[in-house]
Number of protein chains: 2
Amino acid sequence: MSTPTVYDVANHAGVSIATVSRVYRNPDTVRAETRDRVLAAARTLGYVPSGNARGLASRATGVLGLCFPDNLQYDEHREETQELGHEAHHDEADLMIYSDEVIRGMERAARERGYGLLIAATVAGDPASTVADVAGRVDGVAVLAGTVSTAELEVISRRLPVVMLAGPRENPALDHLDHVEVANFDGQLAMTRHLIVDHGLTKLAFVGGPPNSPDGEARFRGFQAAHLEAGLDIPAEPRIRAGLTTSSGRHAIGELLATLPERPQAVMFANDQMAVGALPELEHRGLRVPADIAVTGFDDISVSRLVRPALTTVRQPMQELGRHAVDLLLARVADRDRAPVSRLLQVSMVRRASCGCRVSHDHQPLNGS
Amino acid sequence: MSTPTVYDVANHAGVSIATVSRVYRNPDTVRAETRDRVLAAARTLGYVPSGNARGLASRATGVLGLCFPDNLQYDEHREETQELGHEAHHDEADLMIYSDEVIRGMERAARERGYGLLIAATVAGDPASTVADVAGRVDGVAVLAGTVSTAELEVISRRLPVVMLAGPRENPALDHLDHVEVANFDGQLAMTRHLIVDHGLTKLAFVGGPPNSPDGEARFRGFQAAHLEAGLDIPAEPRIRAGLTTSSGRHAIGELLATLPERPQAVMFANDQMAVGALPELEHRGLRVPADIAVTGFDDISVSRLVRPALTTVRQPMQELGRHAVDLLLARVADRDRAPVSRLLQVSMVRRASCGCRVSHDHQPLNGS
DNA sequence: GTGAAAGCGCTAACAG
DNA sequence: CTGTTAGCGCTTTCAC
């Protein structure tokens with residue numbers, strides 16, 4: 001027999017399959033001697049319990065799922081980066097830092113609670129089935145905004161706990177879902193205000209993400225609000241939209257400088273990835289940051305404090321997103337009927353060198369609504 | 001009924017359960033009209049196939065597993081980093097960049113082949129059960145070196161395909177496993193030779209990882225070999241051993257400068273994380289890199305080209321590790337009896353600024369043995 | 001403390 | 001093209 005089952009172990013140990021099962025599920029209910037006999041048999045036979053059978057019989061898998069969109073599709077500049085030769089490899093690697101953080105946060109939190117993590121990015125094309133596949137084999141699933149259609153989500157959420165990450169909760173069909181989002185608006189507002197008020201800058205350019213990125217749009221609204229507040233002209237659209245990647249950030253600089261009549265005093269990127277990509281490009285073009293032009297990002301990914309100048313940004317607790325997802329998921333596993341919960345995670349401004357602030361470790365929380 | 005099954009859908013659609021199953025498994029074998037009826041029923045009922053039942057019945061899950069050690073235990077400096085306030089958060093985040101890359105590589109490769117990825121870090125304490133848990137619900141599992149005992153691995157590998165990542169294959173009990181490793185020795189040898197021959201440096205300090213890190217030890221042997229080759233004294237041990245983390249790299253600098261009679265001309269870190277952590281600390285102490293002291297790393301994680309000075313390092317294809325894992329796993333799923341395969345992935349030297357080279361994009365492959 | 005038996009939800013021949 | 005019939009390997013009452 002290739003893969004031993006409970007039956008094999010039971011035979012070998014001279015007990016019933018129920019006892020074998022008990023040894024693994026609640027060892028205390030089995031006499032020590034019997035238990036040892038079973039364990040020995042299992043070892044010599046090379047028995048590994050089937051998670052599937054276990055899951056089927058007990059209607060619980062001990063695994064949580066995470067689905068996120070295959071962001072590769074966003075990077076419209078991928079071929080062009082060939083010009084850098086080997087270095088281009090990195091762009092692909094950099095690309096998913098955000099979801100990586102969420103993955104990591106979920107993985108850790110899940111582990112602490114004794115759960116595994118099943119991750120799957122939806123492939124552009126048939127996003128639906130991927131999520132359903134995952135949903136079919138976990139106790140609960142977290143879905144990053146933009147991963148799957150509302151309809152699909154609605155169906156899935158009827159079967160198991162679903163938490164929506166970083167997505168707007170405006171859709172009434174998804175009202176019964178738990179949500180976790182981040183104070184994007186507040187963060188960008190505060191950062192923009194910082195540039196305007198503290199640094200006295202008035203000509204700011206915002207480099208946004210794709211229009212279908214809820215986070216990016218919320219950040220832009222924060223940018224607008226700061227202008228409104230300061231009595232400046234309110235830009236109707238981001239000056240440029242780019243792919244949220246390092247390479248698109250680099251390219252945005254060229255576009256920005258070529259397009260605008262006069263150079264902005266600051267460029268605010270919708271995320272750190274782009275800002276980080278822009279920094280060397282500015283340097284390359286002989287523009288000094290922050291002396292000639294200030295730069296800000298959003299997210300506070302780990303590279304941001306390592307680049308030079310260190311990046312001023314808004315820290316969002318990416319790993320916390322994952323942790324909250326686990327938290328909400330397990331709470332709902334325990335009580336399917338609890339009222340839907342929506343958590344808004346706070347962000348904080350991190351002033352480093354790229355905005356013109358000297359201090360590097362300053363870190364002040366905001367009062368996100 | 002809370003969670004609809006094939007039976008419910010079959011009833012609702014007026015067909016048999018077999019037909020429902022077919023609609024999902026091979027839709028072409030069902031008449032279009034019937035298929036639509038089933039799909040409609042599924043939608044209104046909120047049907048999501050049970051992955052467990054599916055896996056049980058078909059003895060295949062469509063999921064691959066990845067287990068890795070919970071590296072957090074290695075970072076002996078974690079509390080101390082509090083001194084930096086908020087910035088300390090990052091160390092935890094930085095910590096798993098290596099396994100993150102492997103995860104990402106596996107996830108991508110798995111996705112391309114239509115598989116999901118179940119990840120789980122073993123918790124220090126009961127590493128055994130974690131791997132078994134994963135093993136029980138996947139079609140094949142990749143295990144990062146040091147995750148689990150040989151005995152446990154042996155048992156698991158009797159049940160399903162197992163590939164060992166980054167681990168030495170000296171253990172005869174694991175001879176039947178597929179392996180993927182990286183040319184650590186060759187890489188460190190070449191890099192050390194570069195410092196000695198091209199830069200004329202002779203007083204080099206190696207900052208190693210924990211003794212139980214196979215990668216770190218192999219790199220140190222490469223470091224030794226270069227000394228041998230050049231006729232220099234061969235150090236018996238790394239000058240310092242540290243935790244492979246950013247913070248331990250930072251602390252290593254202090255220890256290094258305090259311990260040694262004279263400052264080394266170069267410090268070679270067993271990985272990039274440590275080197276990246278050391279850079280700001282050197283800057284802080286008024287030492288200029290590379291003018292006063294050269295610095296090298298190993299891995300070429302994405303931050304390495306972004307820090308200033310950009311880090312000279314040995315690029316190892318971390319994502320490729322994951323891709324090869326998927327490749328070998330699926331090959332073995334297809335043919336359980338194929339001969340064990342062992343792949344040695346090549347590394348390449350990336351000369352940037354931190355060693356004293358001007359060029360930033362040079363990238364030359366080595367002839368790893 | 002342990003065994004017997006009935007599923008969990010689905011797939012996979014095999015008929016028709 | 002569709003229905004019938006066995007399980008897949010384990011958990012779980014309910015008896016003993």
Side-chain angles (χ1 to χ4, degrees), chain A residues 1-39 41-42 45-63 129 132-133 135-139 159-160, chain B residues 1-39 41-42 45-63 129 132-133 135-139 159-160:
Chain A
M1 60 212 59
S2 53
T3 64
T5 73
V6 274
Y7 291 95
D8 304 314
V9 177
N11 278 341
H12 198 94
V15 298
S16 75
I17 61 166
T19 299
V20 176
S21 176
R22 286 194 191 95
V23 167
Y24 285 88
R25 255 217 140 351
N26 15 343
D28 319 311
T29 69
V30 179
R31 202 198 321 159
E33 189 225 333
T34 316
R35 195 194 317 151
D36 293 344
R37 204 144 33 91
V38 170
L39 253 16
L45 256 32
Y47 170 71
V48 176
S50 155
N52 284 325
R54 189 120 83 163
L56 222 207
S58 64
R59 49 266 269 95
T61 64
V63 176
S129 59
D133 269 12
R137 40 182 73 261
V138 298
D139 295 340
R159 187 194 213 278
L160 44 47
Chain B
M1 61 213 59
S2 53
T3 64
T5 74
V6 274
Y7 290 95
D8 304 316
V9 177
N11 277 342
H12 199 94
V15 298
S16 75
I17 61 167
T19 298
V20 177
S21 177
R22 286 194 191 95
V23 167
Y24 285 88
R25 251 216 142 352
N26 15 341
D28 319 310
T29 68
V30 179
R31 201 200 319 159
E33 188 226 332
T34 315
R35 194 192 318 150
D36 293 343
R37 202 143 35 92
V38 170
L39 254 16
L45 255 33
Y47 170 72
V48 176
S50 156
N52 283 326
R54 190 120 84 164
L56 223 207
S58 64
R59 49 252 287 99
T61 64
V63 176
S129 57
D133 268 12
R137 43 180 72 259
V138 298
D139 294 341
R159 187 193 214 278
L160 42 46

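We name chains A, B, ... by the order of the sequence lines, and we start the count at 1 in each one.
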Whole Å only: how far is the [atom1] atom of [X] from the [atom2] atom of [N]?
X	N	atom1	atom2	value
B/Y24	C/dT11	OH	P	10 Å
A/L56	C/dT11	CG	P	11 Å
B/I17	D/dC8	CD1	C1'	14 Å
A/N11	C/dA4	CG	P	11 Å
A/R22	D/dT11	CZ	C1'	10 Å
A/R25	D/dG9	CZ	C1'	14 Å
A/R54	D/dC8	CZ	P	19 Å
B/R59	D/dA6	CZ	P	18 Å

Report yes if a side-chain nitrogen or oxygen of B/S21 is closer than 4.0 Å to either non-bridging phosphate oxygen (OP1 or OP2) of C/dT11; otherwise report no.
->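 So the side-chain polar atoms of B/S21 do come within 4.0 Å of the phosphate oxygens OP1 or OP2 of C/dT11, strictly under.
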
Is a donor-acceptor pair below 3.5 Å formed from side chain A/Y7 to base D/dC10, judging by atom type as modelled?
->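 Checked by distance alone, the answer is yes.
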
Counting distance only, does the side-chain N/O of [X] pair as donor-acceptor with the main-chain N or O of [Y] below 3.5 Å?
X	Y	answer
A/N52	B/R137	no
A/R37	A/A13	yes
B/R54	B/R59	no
B/R159	A/V48	yes

In terms of the nearest nucleotide of DNA chain C, which residue is placed more toward the 5' end: A/R37 or A/S58?
->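 Per heavy-atom nearest nucleotide, the more 5' residue is A/R37.
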
Given D/dG9, C/dA4, C/dG9, the nucleotide with the shortest approach to the side chain of B/V6 =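 The answer is C/dG9.
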
Kindly state which residues belonging to residues 46-53 of chain B come within less than 4.0 angstrom of DNA chain C, counting heavy atoms of the residue only, listed by number.
->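 Residues of residues 46-53 of chain B under 4.0 Å from DNA chain C: B/Y47, B/P49, B/S50, B/A53.
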
Is any side-chain heavy atom of B/V38 less than 4.5 Å from a side-chain heavy atom of B/R35?
->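 Sidechains of B/R35 and B/V38: no contact.
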
Closest heavy-atom contact between B/V138 and B/L160?
->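 That would be O-CD2, 3.4 Å.
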
State yes or no: are the ring centers of B/Y47 and B/Y24 separated by less than 6.0 Å?
->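 Ring centroids of B/Y47 and B/Y24 are less than 6.0 Å from each other.
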
With sugar-phosphate meaning primed atoms plus P, OP1 and OP2, does [X] contact a base, only sugar-phosphate, or nothing at under 4.0 Å between heavy atoms?
X	result
B/T29	base
B/T19	sugar-phosphate
B/V15	sugar-phosphate

For B/V30 and for A/A18, find the nucleotide of DNA chain D with the closest heavy atom, then tell me which residue's nucleotide is more 5'.
->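 With B/V30 and A/A18 compared, the 5'-side residue is B/V30.
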
